[in-house]
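For reference, the structure is listed below as structure tokens.
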Amino acid sequence: MKTSQENVVGGQMARRSFLKFASAGAMAAGVVATAASCKKREYVDDDHVDLGSGDIAILNYAYALEQLEAAFYTQVAANFYANISSEERALLTDIRDHEISHRELFKAALSSSAIPALTPNFSSIDFNNRNSVLSAAKAFEDLGVAAYNGAGAMIKSADYLTLAGKIVSVEARHAATVRNLLQFNSFVDNTIVDIANTSLEKSKTPQEVVPIANTFLTGKKIAAPSLGIY
Amino acid sequence: MNLLNLFDEINQADPEFADRISPRRDAIKNITSFGSKVAVAAMPFVFSTLVKKAYGQALSPQVIEVLNFALTAEYLESTYYNTYGQRSNIPSGDRPGIELIRVDENNHKKFLLQNLGSAAISEPKFDYTAGGTFADLTRNDSVGYDTFLALAQAFEDNGVRAYKGQAPALMSAPAILTAALNIHSVEGRHAAHLRYLRQRRGVAVKPWITGVTSGIPAAPVALVYAGEDNVTQGGVNLTTLPGASGNATANMVTEAYDEPNTKENVTNIVKLFLAK
């Protein structure tokens with residue numbers, strides 16, 4: 001028993017010193033890259049909204065994405081495309097209600113730290129056209145899943161991590177469903193999941209997601225200097 | 001703890017289980033003593049070589065326990081699809097999707113096995129009829145297919161809850177946490193697809209979980225959905241917040257959030273399907 005405990009402690013020590021070593025190396029590499037590419041600053045331009053720092057930044061990031069999704073489905077459900085089936089009408093209405101709940105939860109949870117209401121720009125979407133609506137829905141849902149997955153390890157609070165987990169699997173359910181409406185049996189494919197190898201979803205960092213989200217915003221766009229996003 | 005009971009049961013089937021773990025710890029100890037004798041200048045080379053060889057060996061005991069727990073869920077799922085997911089009672093239009101799920105689950109199992117190395121627990125023997133409760137599963141007809149879909153749904157929803165519940169236990173290992181999250185969402189996609197297939201066959205379910213509704217009458221399955229009717233998130237009762245018109249309803253908000261499940265509850269569910 002004693003021997004096994006000693007071994008466990010030894011294992012943890014080895015891991016800690018490894019992590020220390022690895023992160024020192026990564027930081028050194030990061031400094032070089034930062035110095036070479038751009039000047040670090042802590043403010044955002046007037047036409048951007050700052051998501052904040054730490055867990056607040058991640059929650060505001062999620063809040064921004066949920067604002068986009070809720071606004072999109074609200075517009076879809078306000079005037080459904082012609083000849084929509086009752087099945088599709090019911091599913092898209094459910095999704096709208098879920099996204100509104102996500103948005104309202106983040107707004108309430110963030111309280112005075114919440115970013116303001118964003119103004120979406122959906123001019124690239126033809127809301128009278130089924131394929132245009134479902135393709136946009138697929139893009140939003142796949143992006144949402146990849147965004148939550150990519151931000152999970154950045155969250156400091158276990159409670160917030162669990163909350164994000166409760167939402168992301170529902171986003172995955174939405175993504176699978178919308179994909180099935182567009183093309184049956186396409187709930188996963190190799191553009192979003194590494195089917196040839198690990199079958200892990202391909203997550204995206206905030207640095208990858210924010211510029212995409214910003215293309216759907218008019219007026220103020222989002223930025224997060226704390227995450228190196230300007 | 002029930003999980004330990006499960007490991008004990010697996011241990012009986014695989015007497016080398018304990019031996020498989022301890023050599024690993026010696027290996028970690030050896031890395032430490034080896035490293036201390038090496039000149040600092042040589043460290044980058046030594047570390048990158050060791051890490052390549054010993055990715056699994058850097059896992060903490062807590063992470064190993066979580067990954068073995070996940071592996072148990074993946075064993076349950078992959079063997080289920082390998083056994084019942086390629087039969088002639090599956091309608092031809094549904095086959096490509098079921099096959100995608102089967103491949104994903106086998107890939108997840110393989111991924112966990114590779115990361116755990118020799119710390120991986122062995123696969124237990126399963127009885128997917130749960131001692132005859134789901135005897136219709138063995139029928140190679142439409143009744144058998146409906147039962148297959150019902151259990152598949154339960155296993156996927158269970159998998160979603162299992163991974164979600166373990167996320168906080170992986171916070172010390174960010175790369176592993178991200179990988180687990182990237183499996184978790186795929187399980188969510190599978191669950192939605194299976195529920196959609198069932199919905200189209202006339203079962204009263206949706207791709208998302210409304211309250212504790214499963215569309216599966218057999219009592220043991222209730223364990224998979226217990227607690228999914230929670231309407232409070234982050235201390236806020238979500239039915240007090242606005243919906244599209246008026247406040248959100250309980251159905252809307254229970255669908256909008258999937259609940260985690262504890263290791264103990266998930267283990268009890270898996271144990272229902274262990275061969276006696």
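All chains are named by letter (A, B, ...) in the order of the sequence lines, taking the proteins before the strands, and each is independently numbered beginning at 1.
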Rounded to the nearest 0.5 Å, how far apart are [atom1] of [X] and [atom2] of [Y]?
| X | Y | atom1 | atom2 | value |
| --- | --- | --- | --- | --- |
| A/R173 | B/H190 | CZ | NE2 | 12.0 Å |
| A/L181 | B/Y196 | CG | OH | 5.0 Å |
| B/D94 | A/N185 | CG | CG | 7.0 Å |

Heavy-atom pairs under 4.5 Å with chain A, option from [options] with the top count:
| options | answer |
| --- | --- |
| B/G93, B/A256, B/A192, B/G234 | B/A256 |
| B/A248, B/A169, B/G188, B/G235 | B/G188 |
| B/I209, B/V236, B/L197, B/L170 | B/I209 |

Side chain, backbone, both or neither of [X] within contact of chain B (heavy atoms, under 4.5 Å):
| X | result |
| --- | --- |
| A/T198 | both |
| A/V188 | both |
| A/S186 | neither |
| A/R103 | neither |
| A/E87 | side chain |

Measure from the side-chain N and O atoms of B/N107 to the backbone N and O of A/I195, and report whether any donor-acceptor pair falls under 3.5 Å.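 Judged by distance alone, yes, a pair lies under 3.5 Å.
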Side chain B/H108, main chain A/S199, donor-acceptor under 3.5 Å: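 Confirmed, B/H108 side chain pairs with A/S199 backbone.
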Heavy-atom side-chain proximity of [X] to [Y] below 4.5 angstrom:
| X | Y | result |
| --- | --- | --- |
| A/F187 | B/V186 | no |
| A/Y148 | B/L181 | no |
| B/W208 | A/T177 | yes |

Which atom pair, heavy atoms only, marks the closest approach of A/S101 to B/V253?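 Of all heavy-atom pairs spanning A/S101 and B/V253, the closest is OG-CG1, 3.7 Å.
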Proximal component of [X], with respect to chain A [non-hydrogen, under 4.5 Å]:
| X | value |
| --- | --- |
| B/A244 | both |
| B/V160 | side chain |
| B/M171 | side chain |
| B/Q199 | side chain |
| B/R195 | side chain |
| B/N247 | neither |

Out of [options], return the one with the most heavy atom pairs under 4.5 angstrom to chain B.
| options | result |
| --- | --- |
| A/I95, A/D94, A/V145 | A/D94 |
| A/S203, A/A90, A/A153, A/S169 | A/S169 |
| A/L163, A/I167, A/L91, A/V193 | A/L91 |
| A/I192, A/D189, A/V168, A/T93 | A/I192 |
| A/D159, A/D97, A/T74 | A/D97 |
| A/E171, A/K202, A/K166 | A/K166 |

Test the B/R200-A/F184 pair against the cation-pi criterion, namely NZ or CZ under 6.0 angstrom from the six-membered ring centroid and within 45° of the ring axis.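 Yes, B/R200 sits over the ring of A/F184.
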Before giving the answer on ring-ring contact (aromatic ring centres under 6.0 Å, His included), spell out for A/H102 and B/Y257 the whole-Å C-alpha distance, their side-chain angles and the decisive distance to 0.1 Å. CA-CA 9 Å; A/H102 296 164; B/Y257 304 83; 5.0 Å; yes
Checking side-chain contact (heavy atoms from CB on, under 4.5 Å) between B/L177 and each of A/I155, A/L161, A/N149, which is the one that passes?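 Going through A/I155, A/L161, A/N149 one by one, the side-chain contact (heavy atoms from CB on, under 4.5 Å) with B/L177 is satisfied by A/L161 alone.
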Hey, is OH on A/Y160 packed in by over 12 heavy atoms from elsewhere, all under 6.0 Å?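 Atom OH in A/Y160 is not packed in, count stays at 12 or less.
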Residue list, salt bridge (charged side-chain N to carboxylate O under 4.0 Å, His left out) with B/R189, at least two apart or on another chain: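 B/R189: salt bridge (charged side-chain N to carboxylate O under 4.0 Å, His left out) contacts with A/D142, A/E201.
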I'd like to know whether B/K164 forms a side-chain hydrogen bond (donor to acceptor under 3.5 Å, both in side chains) with A/T162, so could you lay out the CA-CA distance, the side-chain angles of the two residues, the decisive distance to 0.1 Å, and finally the verdict. CA-CA 7 Å; B/K164 201 190 314 292; A/T162 299; over 6 Å; no
With a 4.5 Å heavy-atom cut-off (strictly below), which parts of residues 104-116 of chain A touch chain B? List them by number.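 The stretch touches chain B at A/E104, A/L105, A/A108.
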